[in-house]
Amino acid sequence: MLSESLVKEFKSIVGDENVFNSEADRQSYSYDSAVLEPVVPALVVRPTNSEQLGKVVALCNENNNPITVRGAGTNLSGGTIPDKRDGIVILTNGMNKILEINEEDLYAVVEPGVVTAKFAAEVAKRGLFYPPDPGSQAVSTIGGNVAENAGGLRGLKYGVTKDYVMGLDFFDVNGELVKTGSRTVKCVTGYNLAGLMAASEGTLGVFNEIILKLTPPPAASKAMMAVFDDVNKASAAVAGIIAAHVVPCTLEFMDQACMRYVEDYTKAGLPVESAAILLIEVDGHPAQVEDEAATVVKVLEKSGATKIVVAKDAAEKLKLWEARRNALPSLARARPTTVLEDATVPRSQIPAMVAAINNIAKKYDIQIGTFGHAGDGNLHPTILCDKRDAKEYHRVEEAVDEIFDTALSLKGTLSGEHGIGMAKSKWMEKETSRATIEYSLNMKKAIDPKNILNPGKIIAGR
Amino acid sequence: MADLNKLAKMLEELDDLMVACMKCGMCQAVCPVFAETMRESDVTRGKIALLENLAHEMIKDAEGVQERLNRCLLCGSCAANCPSGVRIMDIFLQGRTIVNTYMGLSPVKKAILRGMVGNPKLFNALLDFGSKFQGLFTSQANELLGSSCSKFLSPVIGDRHFSPLAKQSLHSKYGTIDTPAGKSGIRVLFYPGCVADKMYTKAGEACLKVFRHHGVGVWMPSAQACCGIPALSAGDRVAYDKMVKFNVNIFGDGNYDYIVAPCGSCISTIHELWPQFSAEYPKEVQDKIAKISKKAMDINQFVVDVLGVKPTEAPKGGTKVTFHDSCHLKKSLKVASQPRDLIRMNPNYELVEMSEADRCCGCGGTFNLYHYDLSKKIGERKRENIVASGAKVLSTGCPACMMQITDMLSQNNDSVAVKHSIEIYAETL
């Protein structure tokens with residue numbers, strides 16, 4: 001618990017109405033979307049402008065209160081779970097203004113608490129496009145997206161959030177404003193600190209304003225579904241499409257187990273007897289779209305797709321994507337607890353990864369449905385269980401260990417888009433090296449000597 | 001102070017329901033209360049987390065949980081958009097019953113729910129009496145809307161603008177109606193609901209006109225109790241059970257094909273909640289409820305789906321009217337196209353859609369009484385959408401929404417009339 005005088009100091013900065021000190025309020029900021037033990041913060045503070053934010057950060061540092069910045073709390077790796085040592089949650093939803101949308105120079109400047117979907121919609125109103133589209137975009141914030149380097153369905157062609165961060169201002173642990181990047185297309189001035197800050201999960205600074213790159217929207221798009229009787233054939237099709245020099249904006253995969261859950265829930269008429277499906281969308285200039293769609297169909301046929309359904313219009317396209325959109329809801333309804341992972345492997349290793357996941361499910365006697373972004377090798381093995389069943393949940397934890405070990409053995413990575421947070425920090429050294437951890441720790445120590453900025457995230461043991 | 005251990009044990013029965021919440025946070029996108037306060041304890045995920053913590057004795061402040069649990073409109077927006085299909089309304093209604101019963105209801109709530117609404121005869125008599133003398137305490141606020149405001153500062157009414165009680169309620173004007181099925185071959189039990197019976201009697205009269213026109217036989221017992229939703233929302237099972245049993249006793253096995261009401265809240269309560277909350281009733285009552293609940297149908301749905309009334313083409317150039325989807329009507333009963341069809345039946349109107357037509361108006365029944373500031377903020381957004389649509393008439397299928405929207409429009413002195421969709425259809429007959 002914080003002293004009354006310290007609580008008063010926070011109140012004097014942000015106002016009484018923006019300091020949440022009651023037990024019930026603090027408890028409701030003790031968790032995020034990860035299946036992890038909650039930690040109740042000592043205080044929750046909501047600054048509404050830059051000046052307040054800087055002062056709050058400095059006050060936390062002065063009093064050795066660890067800071068966890070929270071947008072919508074949708075992250076899946078525990079990045080917004082506060083620290084046990086009188087941790088303070090700084091809410092960003094009081095700083096939710098779009099400060100500038102520059103149509104001429106194709107960038108926007110936003111405060112961290114802007115909701116992603118609202119930002120994308122504002123940009124679209126001006127005929128522009130902000131491609132990153134995390135599944136939680138209806139509520140997730142730009143600040144959170146940048147901190148966690150959120151991905152989405154369009155990652156294959158358009159990349160992830162990091163690829164759209166041109167620059168940002170952030171408060172260092174002392175509450176001093178640091179400026180990185182630029183509004184220019186090219187900027188090679190100094191270290192790429194903006195790149196470092198994106199995906200840093202709040203461990204290196206507290207975002208104040210973020211400069212985001214915008215693009216013109218694609219003029220046309222075409223979607224299709226391909227059915228396969230063999231996961232290997234589906235994977236070969238993925239590689240074949242890329243080899244044919246077509247980069248779809250979306251290339252999604254769903255395995256048989258996942259399809260069965262989706263079909264149980266949606267009755268969408270999915271080919272549940274088949275081994276896997278691919279859902280593909282190409283976009284761009286209309287002529288290019290036609291050309292690329294034809295190439296994709298040829299590759300699919302050559303790869304042994306048993307059926308290819310090309311959407312004739314927007315309504316049919318919508319119908320095709322319904323199955324994909326319903327993957328998580330369908331899985332989530334099957335059992336009480338849903339553990340959504342994002343093991344990521346090189347595209348060519350998808351069959352090996354899917355086979356391994358199925359074997360792991362059998363070995364540990366647990367249910368797993370797998371879907372994901374096949375185009376970028378980012379799979380979402382989703383484990384269905386009941387966390388109240390200690391024995392079952394122990395098997396789940398062992399299975400998750402093995403899933404990540406497998407991904408790493410296939411030269412993959414721990415996270416394609418969900419971040420490391422607390423959930424995966426224990427595997428960091430396995431993917432990187434002791435030297436990488438030491439280097440990161442030294443950097444963190446230099447920037448944040450008292451380990452105030454979101455401790456316990458990314459790097460284990462700090 | 002409540003014994004947390006006992007309270008926790010009582011809440012354990014909700015554990016199976018609550019564990020389904022994966023805390024994805026998507027409820028933040030659609031919760032009208034969260035949109036105003038941006039506080040995690042005001043959104044479903046936060047409330048479920050607090051209830052879980054109370055059940056597992058991880059929180060000591062039961063009163064704090066009770067207060068936050070009650071800060072919910074029960075609009076069902078979160079349930080309708082929950083990826084995991086969490087039975088949120090079940091959790092909240094049962095949770096409120098457990099927590100509020102254990103912590104104790106406020107004396108005011110007890111007096112209103114048990115002493116007044118729970119005694120239909122007294123309730124009717126008080127409001128009939130009130131309708132005669134309301135002019136002494138109120139003055140007109142907006143001529144077009146026919147709204148009033150308090151002449152004196154009242155701790156209950158505050159600065160609300162409200163529609164006055166009807167000079168004569170439906171039950172006092174008609175007593176019991178009992179007519180046989182006509183050309184339609186259908187006979188309905190007409191359940192006007194409290195607000196259409198006592199305040200928006202035009203909506204009730206419109207229903208009766210529609211029944212007459214289509215040859216629908218009507219049975220309207222003069223003695224009907226409230227459907228119980230205000231009591232259940234307040235977590236007062238004593239008052240709720242009393243109201244339900246009163247009605248079930250009157251409705252009996254019923255020589256009627258449907259129970260029809262011009263209120264989505266009443267219908268969804270009878271259709272969904274009566275059977276759901278009947279497990280502790282005697283078998284005989286349960287059996288009756290099982291039969292009754294299946295027959296419950298909203299008036300819009302009844303006219304369109306049962307009587308087969310449908311427009312051939314949408315009229316243009318008439319008075320612009322925009323439709324507000326009440327939460328119970330759209331999110332619980334999935335009735336959205338039918339009231340619009342009825343509006344399109346009237347050539348004097350042109351239907352225009354407002355943005356966020358299905359966003360809650362902020363009334364939430366008794367939520368409006370206890371959290372008026374919040375209710376008003378949510379209602380203001382609805383009012384802005386209505387005005388921006390350019391409509392001269394706001395139509396909806398729920399008398400409670402009519403009350404709230406009238407207040408919002410009247411306080412801003414907008415010249416937008418408020419009508420029930422069945423009134424607009426009845427004007428064509």
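Heavy atoms only: backbone and side chains are in, while hydrogens, waters and symmetry mates are out. Sequence lines set the chain letters: A, B, ... in the order given, protein chains first and strands last, and positions in each chain run from 1. Everything numeric here is computed off the predicted structure, so don't read it as measured data.
- Of all the listed residues (G85(B), C21(B), C82(B)), the one sharing the greatest number of non-hydrogen pairs under 4.5 Å with chain A is G85(B).
- A salt bridge links R39(B) to D25(A): one of the charged nitrogens lies within less than 4.0 Å of a carboxylate oxygen.
- Contact of C27(B) with chain A is not made at all, since no heavy-atom distance falls under 4.5 Å.
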>> Walk me through whether D32(A) and K23(B) qualify under side chain to side chain contact (heavy atoms under 4.5 Å, CB included).
In response: CA-CA 7 Å; D32(A) 58 21; K23(B) 309 285 186 295; over 6 Å; no
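- At a cut-off of 3.5 Å, with distance as the only test, no side-chain donor of Y31(A) or E52(B) sits close to an acceptor on the other residue.
- Around atom CZ of R395(A), more than 12 heavy atoms belonging to other residues, nucleotides or ligands sit under 6.0 Å away.
- Heavy atoms of R46(A) lying under 4.5 Å from chain B belong exclusively to its side chain.
- We find that D16(B) and R388(A) are joined by a salt bridge, their nearest charged nitrogen and carboxylate oxygen being less than 4.0 Å apart.
- Neither the backbone nor the side chain of K118(A) comes within contact range of chain B; no heavy atoms are under 4.5 Å apart.
- Looking at L50(B), only its side chain comes within 4.5 Å of chain A, counting heavy atoms on both sides.
- Interatomic distance, CG of L328(A) versus OG of S84(B), reported as 7.0 Å (0.5 Å rounding).
- Interface residue N96(A): only side-chain heavy atoms are found under 4.5 Å from chain B.
- Under the 4.5 Å side-chain criterion, counting only non-hydrogen atoms from C-beta, M58(B) is in contact with P38(A).
- What you find for D61(B) and E23(A) is that their closest heavy atoms are N-OE1, 2.9 Å.
- For NZ of K310(B), the number of neighbouring non-hydrogen atoms (other residues, nucleotides, ligands) closer than 6.0 Å is 12 at most.
- The candidate with the highest count of non-hydrogen atom pairs below 4.5 Å against chain B, out of G94(A), A72(A), S30(A), is A72(A).
- Interatomic distance, E40(B) CD to R26(A) CZ, rounded to the nearest 0.5 Å: 15.0 Å.
- Heavy-atom minimum distance, R45(B) versus S33(A): NH1-OG, 3.8 Å.
- The two residues G135(A) and M26(B) have their closest heavy-atom pair at O-CE, 4.1 Å.
- By the 4.5 Å heavy-atom criterion applied to side chains, M22(B) and P336(A) are not counted as neighbours.
- With a 4.5 angstrom heavy-atom cutoff, S22(A) touches chain B only via side-chain atoms.
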